[in-house]
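Numbering of ligands and ligand atoms starts at 1, following listing order. The figures here come from the full heavy-atom set of this structure, side chains too, leaving out hydrogens, waters and symmetry mates.
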Amino acid sequence: MSSEQTFIAIKPDGVQRGLVSSIMSRFENKGYKLVGIKLTNASEGLLREHYADLTAKPFFPGLLNYMLSGPICAMVWEGKDAVKTGRVLLGATNPLAALPGTIRGDYAIDVGRNVCHGSDSVENAKKEIALWFKPTEIVSYTPAVFKWIYE
Ligand code: UDP
Ligand code: MG
């Protein structure tokens, strides 16, 4: 089960605010393995597909503009329970409700500027990874520290 993958994105505010390395460090320090990364300007079509379940929400137009407002750092992180634990590292959707120590709890205030995205289920992680990355952009390797992270 150590090969579960999750899609994590640093949203345009996180990139603009220089939080890329700080957010990546949370996942690296935990022990997760980076297997895909790109800095990209997402198209409206991609974002409509990514947030397909939210298109009817009143906040959707604002969300779309937010996600179109600058480059996004799209990543795939791999490891045991990466999807669920990735969400824990992110914190609650509303940063004011996110606990200190989480990314949103430490770096954000407004829900519409919550600096990061993380897949909410293994099924959605697979869909999101396929949407944002070509199969050849995901790498496979064994970190030298693997046996010091997993028993
Ligand atoms: N969002 C918003 N207003 C809301 C709820 C959500 O602007 O009232 C934005 C916010 O950026 C959030 C994204 O829409 O991260 C997707 O919402 P979701 O409920 O999927 O939250 P997430 O999975 O990102 O925690
Ligand atoms: Mg979501």
Exercise for the section: Would you mind checking which non-hydrogen protein atom is closest to atom 8 (O) of ligand 1, with the distance to 0.1 Å? Expected result: F59 CD2, 3.5 Å

Completion exercise
The complete set of salt bridge (charged side-chain N to carboxylate O under 4.0 Å, His left out) pairs with one or both residues in residues 23-39, sequence neighbours excluded, reads R26-D106, K33-E78, K38-E137

Practice task
With I103 as reference, evaluate L90, N114, I10 under the side-chain contact (heavy atoms from CB on, under 4.5 Å) test and give the passing residue.
Solution key: L90

Exercise for the section: For the pair N94 (side chain) and V111 (backbone), establish whether a donor and an acceptor sit closer than 3.5 Å, ignoring hydrogens and angles. Expected result: no

Practice task
Provide, to 0.1 Å, the distance between atom 24 (O) of ligand 1 and the closest protein heavy atom, together with that atom's residue and name.
Solution key: R104 NH2, 3.2 Å

Handout entry: Y51, any N or O under 3.5 Å of ligand 1 N or O
Key = no

Handout entry: Polar atom proximity, H117 to ligand 1 (N or O, under 3.5 Å)
Key = no

Completion exercise
shortest atom 12 (C) of ligand 1-to-protein heavy-atom contact is with N114 ND2, 3.6 Å

Exercise for the section: Select one of side chain, backbone, both or neither to describe which atoms of K11 lie under 4.0 Å from any atom of ligand 1, heavy atoms only. Expected result: side chain

Exercise for the section: For R87, take its heavy atoms, then give the atoms of ligand 1 lying under 4.0 Å from any of them. Expected result: 22 (P), 23 (O), 25 (O)

Exercise for the section: Count the heavy atoms of every other residue, nucleotide or ligand shown that sit under 6.0 Å from CD1 of I149, and state whether that count exceeds 12. Expected result: yes

Exercise for the section: Examine the proximity of ligand 1 to M67 and report which part, side chain or backbone, both or neither, has a heavy atom under 4.0 Å away. Expected result: neither

Exercise for the section: Could you tell me which atoms of ligand 1, counted from 1 in the order shown, lie closer than 4.0 angstrom to a heavy atom of G112? Expected result: 7 (O)

Handout entry: Heavy atom of the protein closest to atom 10 (C) of ligand 1 (residue, atom name, distance)
Key = V111 O, 3.3 Å

Problem - Presence of salt bridge, D110 and R113, under 4.0 angstrom - result: no

Exercise for the section: Specify the protein heavy atom at minimum distance from atom 9 (C) of ligand 1: its residue, its atom name, and the distance to 0.1 Å. Expected result: L63 CD1, 3.8 Å

Practice task
Please work out whether the ring planes of W132 and H50 are parallel, tilted or perpendicular, with thresholds of 30° and 60°.
Solution key: perpendicular

Practice task
Please write down residue, atom name and distance for the protein heavy atom closest to atom 25 (O) of ligand 1.
Solution key: T93 OG1, 2.5 Å

Can you list, pair by pair, the side-chain donor-acceptor contacts under 3.5 Å of residues 15-24, counting residues two or more places apart and other chains?
unit_1 : atom_1 : unit_2 : atom_2 : d
R17    : NH1    : Y107   : O      : 2.7
R17    : NH2    : Y107   : O      : 3.0

Exercise for the section: Consider every N or O of Y66 and every N or O of ligand 1, then say whether any pair is closer than 3.5 Å. Expected result: no

Practice task
Check the hydrophobic clustering (I, L, V, M, F, W, Y; side-chain heavy atoms under 4.5 Å; chains of links allowed) and say if W77 and L39 are grouped together.
Solution key: yes

Practice task
May I ask you to test the E128-H117 pair for a side-chain heavy-atom distance under 4.5 Å?
Solution key: yes

Problem - ligand 1-proximal atoms of L54, by part, heavy-atom distance under 4.0 Å - result: side chain

